[in-house]
Engineer: 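Pasting a structure here, questions to come.
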Amino acid sequence: MSKDKSAKIPTPQAVRGTQDMLGDFADRFAHVVDTFERVRRLYGYKRIEVPVIEPTAVFARSLGETTDVVSKEMYSFDDRGGESITLRPEFTAGIARAYITNGWQQFAPLKVATHGPLFRYERPQKGRYRQFHQLDAEVLGSDSPLADAELLVFADQLLKELGIAEGVTLTLNTLGDAASRDAWRAALVEHFEAHRGELSEDSLARLDKNPLRILDSKDPQDRPIADSAPDIDAFLTAEAQDFFGAVTSGLDAADVAWERNARLVRGLDYYRHTAFEFVTDRLGAQGTVLGGGRYDGLIEALGGPPTAAVGWAAGIERLAMLVADDVIDCRLDFVIAVEDDGQLKLAMKTLAALRNRGFASEIVASGSPRKRFDKAAKIPARALIAIGTRDGVSYTNMRGDSELTIVADQTIRAL
RNA sequence: GCGACCAUAGCUCAGUUGGUUAGAGCGCCGGUUUGUGGUACCGGAGGUCGCGGGUUCGAGCCCCGUUGGUCGCCCCA
């Protein structure tokens, strides 16, 4: 091995905001995905796969060409054919595009679920990465409030099965239909204009770009003005009111706890009616664990037919961080310590036989033979098999789960 | 885009007002001890102190820059 330091090559680093996962966290991540896959079947959501890359227009059009999100926070590049391509920053727009492209209107209402990596060029912080992963569930082509309610019950059951529902609250709001929303927005602008002098600098900028966002400002200076702003309730049409009532009574019927948050908003115009977030205070500033809402205007904005739709997404990393340590059992069934290399062949045969019978098994056969037992004992497993020779006599010792040691005994005897 | 804190062995960290050859625990490798045994002891490998400049007789420590990490702001599709 050369120790010539001048020949040292620069060590590549991981791209900023990406993560490598091993062991515990990777297990928790997989546990979240497995649980999601199981629960989405219970609700009849079809598995769907959509591309990681899309034409930039798919996201630019769905997000409104000029927003900061589009201009600064997407991973976009020109491919070799000169087409502008973007790494998906969210699932919904790509799924909406697929719905149009493939004529999935024929399957409406279509319930779909997917999960995978997403990419956003943002400053990393707790629970926020540049490559991150989400679970996603959508119902396309349904204008029924029952679809909203079902998605929420689904989400609630998922969090319960993950064991993280404790300390997570479902917060719910309605943005009304287009008429309600426009009227509310006008009233908010009027209210904030009247208090222009008291607003923070950030909120003054919001007033021009995205006035609804002042409502959930974190700046204490803004809170009195935001809190005294009118709720949407006074502006809801009768239809919008009925819709929200149907969603909440659906939740009550399914015994899903929820809280009204009249300050919960969405920035983009195609969001209608239901908006919701499951929030926690256990993840620092990134409190939203699962969020979504109804986006009846999106598919039309992408050039498709007017299509009502609703969905949610949840950050897998954030969910995985909340999963309790003891939920994940990644123990092996068996670990075999080979205390004498003369018994290696028997040990290998035993190992193969156990694995063939469906038992997760590992072998320790390297390093000092005398230390292999200790090494094996440190590997998490339900049972330990020690194979060796003492005083010229071979032995097989077992300890741990008694049912498993019986199995191992039978397996070895059968060899 | 803005701010704060941080970067020393594979990992977690200590390192005094700047001063000999930079340490510990864990992990890894070897040896001894124990022998139905997860013990204890001994030894070993492993560091140009993130990187690049500067100040100084002398820098892991002070200054500037840079890269990365963490947390927060902004943004949140």
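The figures that follow rest on heavy atoms only: side chains count, while hydrogens, waters and symmetry mates do not. In what follows, every chain begins at residue 1, and chains take the letters A, B, ... in the order their sequences are listed.
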Engineer: Could you check which nucleotide pairs with B/A24 in any of the strands shown, counting Watson-Crick or G-U wobble with both distances under 3.5 Å?
Structural biologist: B/U12
Engineer: Please state the C1' separation for the pair B/U34 and B/U39 - nearest whole angstrom.
Structural biologist: 7 Å
Engineer: Does a distance-only test, which skips hydrogens and angles, find a donor-acceptor pair under 3.5 Å between the side chain of A/Arg399 and the base of B/G38?
Structural biologist: yes
Engineer: Using Watson-Crick or G-U wobble geometry with both distances under 3.5 Å, which nucleotide pairs with B/C73?
Structural biologist: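 Looking at the geometry, B/C73 pairs with B/G1.
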Engineer: Would you indicate, yes or no, if B/C76 has its OP1 or OP2 atom less than 4.0 angstrom from a side-chain nitrogen or oxygen of A/Arg213?
Structural biologist: yes
Engineer: Measuring only the C1' atom in each nucleotide, how far is B/A7 from B/G60? A whole number of Å is fine.
Structural biologist: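 Looking at atom C1' only, B/A7 and B/G60 are 11 Å apart.
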Engineer: Scan the side chains in residues 297-318 of chain A for donor-acceptor partners under 3.5 Å anywhere in the protein, sequence neighbours excluded, and list what turns up.
Structural biologist:
{"residue": "A/Thr307", "atom": "OG1", "partner": "A/Pro305", "partner atom": "O", "Å": "2.7"}
{"residue": "A/Trp312", "atom": "NE1", "partner": "A/Leu151", "partner atom": "O", "Å": "2.9"}
{"residue": "A/Glu317", "atom": "OE1", "partner": "A/His133", "partner atom": "N", "Å": "3.1"}
{"residue": "A/Glu317", "atom": "OE2", "partner": "A/Gln19", "partner atom": "NE2", "Å": "3.0"}
{"residue": "A/Glu317", "atom": "OE2", "partner": "A/His133", "partner atom": "N", "Å": "3.3"}
{"residue": "A/Glu317", "atom": "OE2", "partner": "A/His133", "partner atom": "ND1", "Å": "2.7"}
{"residue": "A/Arg318", "atom": "NE", "partner": "A/Gly127", "partner atom": "O", "Å": "2.9"}
{"residue": "A/Arg318", "atom": "NH1", "partner": "A/Thr288", "partner atom": "O", "Å": "2.7"}
{"residue": "A/Arg318", "atom": "NH2", "partner": "A/Gly127", "partner atom": "O", "Å": "3.2"}
{"residue": "A/Arg318", "atom": "NH2", "partner": "A/Gln286", "partner atom": "OE1", "Å": "3.1"}

Engineer: Side chains of A/Asn261 and A/Thr171: any donor to acceptor distance under 3.5 Å?
Structural biologist: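 Their side chains do not contain a donor-acceptor pair, so the 3.5 Å distance test is not met.
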Engineer: So does A/Lys371 get a side-chain nitrogen or oxygen closer than 4.0 Å to the phosphate oxygens (OP1/OP2) of B/G37?
Structural biologist: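 Checking A/Lys371 against B/G37: no side-chain N or O falls below 4.0 Å of OP1 or OP2.
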Engineer: Look at the side chain of A/Lys218 against the base of B/G72 and say whether a donor-acceptor pair falls under 3.5 Å; ignore hydrogens and angles.
Structural biologist: no
Engineer: Considering Watson-Crick and G-U wobble pairs with both distances under 3.5 Å, what does B/U48 pair with?
Structural biologist: none
Engineer: If only side-chain N and O atoms of A/Arg16 are considered, is one of them under 4.0 Å from the OP1 or OP2 phosphate oxygen of B/G69?
Structural biologist: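 Yes, A/Arg16 has a side-chain N/O under 4.0 Å of OP1/OP2 on B/G69.
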Engineer: So, is A/Ser368 near the phosphate of B/C29, with a side-chain N or O under 4.0 Å from OP1 or OP2?
Structural biologist: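 Checking B/C29 against A/Ser368, no side-chain N or O comes under 4.0 Å of OP1 or OP2.
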Engineer: Does a nitrogen or oxygen in the side chain of A/Asn210 sit under 4.0 Å from OP1 or OP2 of B/C75?
Structural biologist: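 For A/Asn210, the contact criterion (side-chain N or O under 4.0 Å from OP1 or OP2 of B/C75) is not met.
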Engineer: Does atom CD of A/Glu166 have more than 12 heavy-atom neighbours from other groups under 6.0 Å away?
Structural biologist: no
Engineer: Across all strands, who's sitting opposite B/A7 as a Watson-Crick or G-U wobble pair, both distances under 3.5 Å?
Structural biologist: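 Result: B/U67.
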Engineer: Tell me whether the side-chain N or O atoms of A/Arg266 pair up with the base of B/A77 as donor and acceptor below 3.5 Å, since no angle test is needed here.
Structural biologist: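 Side chain to base: no pair below 3.5 Å.
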Engineer: How close do A/Thr92 and A/Asp136 get, counting heavy atoms only, and between which atoms?
Structural biologist: OG1-OD1, 4.3 Å
Engineer: Select from A/Glu90 and A/Val15 the residue whose nearest nucleotide in RNA chain B is closer to the 5' end of that strand.
Structural biologist: A/Val15
Engineer: Please compare A/Pro89 and A/Leu283 by the position of their nearest nucleotide in RNA chain B and report the one closer to 5'.
Structural biologist: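 It is A/Leu283, whose closest nucleotide lies nearer the 5' terminus.
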Engineer: With A/His115, which of A/Arg40, A/Arg47, A/Gln134 fulfils side chain to side chain donor-acceptor pair (under 3.5 Å)?
Structural biologist: A/Arg47
Engineer: Phosphate oxygens OP1/OP2 of B/C75: is one of them under 4.0 Å from a side-chain N or O of A/Arg206?
Structural biologist: yes
Engineer: Looking only at side-chain N and O atoms, does A/Lys126 come under 4.0 Å of OP1 or OP2 in B/G72?
Structural biologist: no
Engineer: Hey, does the side chain of A/Arg370 come within less than 4.0 Å of B/U32's phosphate (OP1/OP2), counting only N and O?
Structural biologist: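 True: A/Arg370 side-chain N/O within range (under 4.0 Å) of B/U32 OP1/OP2.
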Engineer: Identify the nucleotide, in any strand shown, that forms a Watson-Crick or G-U wobble pair with B/G37, with both distances under 3.5 Å; if there is none, say none.
Structural biologist: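 Across all strands, not a single nucleotide pairs with B/G37.
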Engineer: In the structure shown, which nucleotide is the Watson-Crick or G-U wobble counterpart of B/C61, with both distances under 3.5 Å?
Structural biologist: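 B/C61 is paired with nothing.
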Engineer: So what does A/Gly367 touch, heavy atoms closer than 4.0 Å: a base, only the sugar-phosphate, or nothing?
Structural biologist: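 Contact class for A/Gly367: sugar-phosphate only.
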Engineer: Under a 3.5 Å cutoff, is there a donor and acceptor pairing between the side chains of A/Tyr75 and A/Gln131?
Structural biologist: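 No, no side-chain donor-acceptor contact under 3.5 Å.
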Engineer: Out of B/G72, B/A77, B/G37, which nucleotide sits closest to the side chain of A/Phe373?
Structural biologist: B/G37
Engineer: Side-chain donor or acceptor of A/Arg128 under 3.5 Å from a matching atom on the base of B/C75?
Structural biologist: yes
Engineer: Which nucleotide, B/C75, B/G37, B/C71, lies nearest any side-chain atom of A/Gln125?
Structural biologist: B/C71
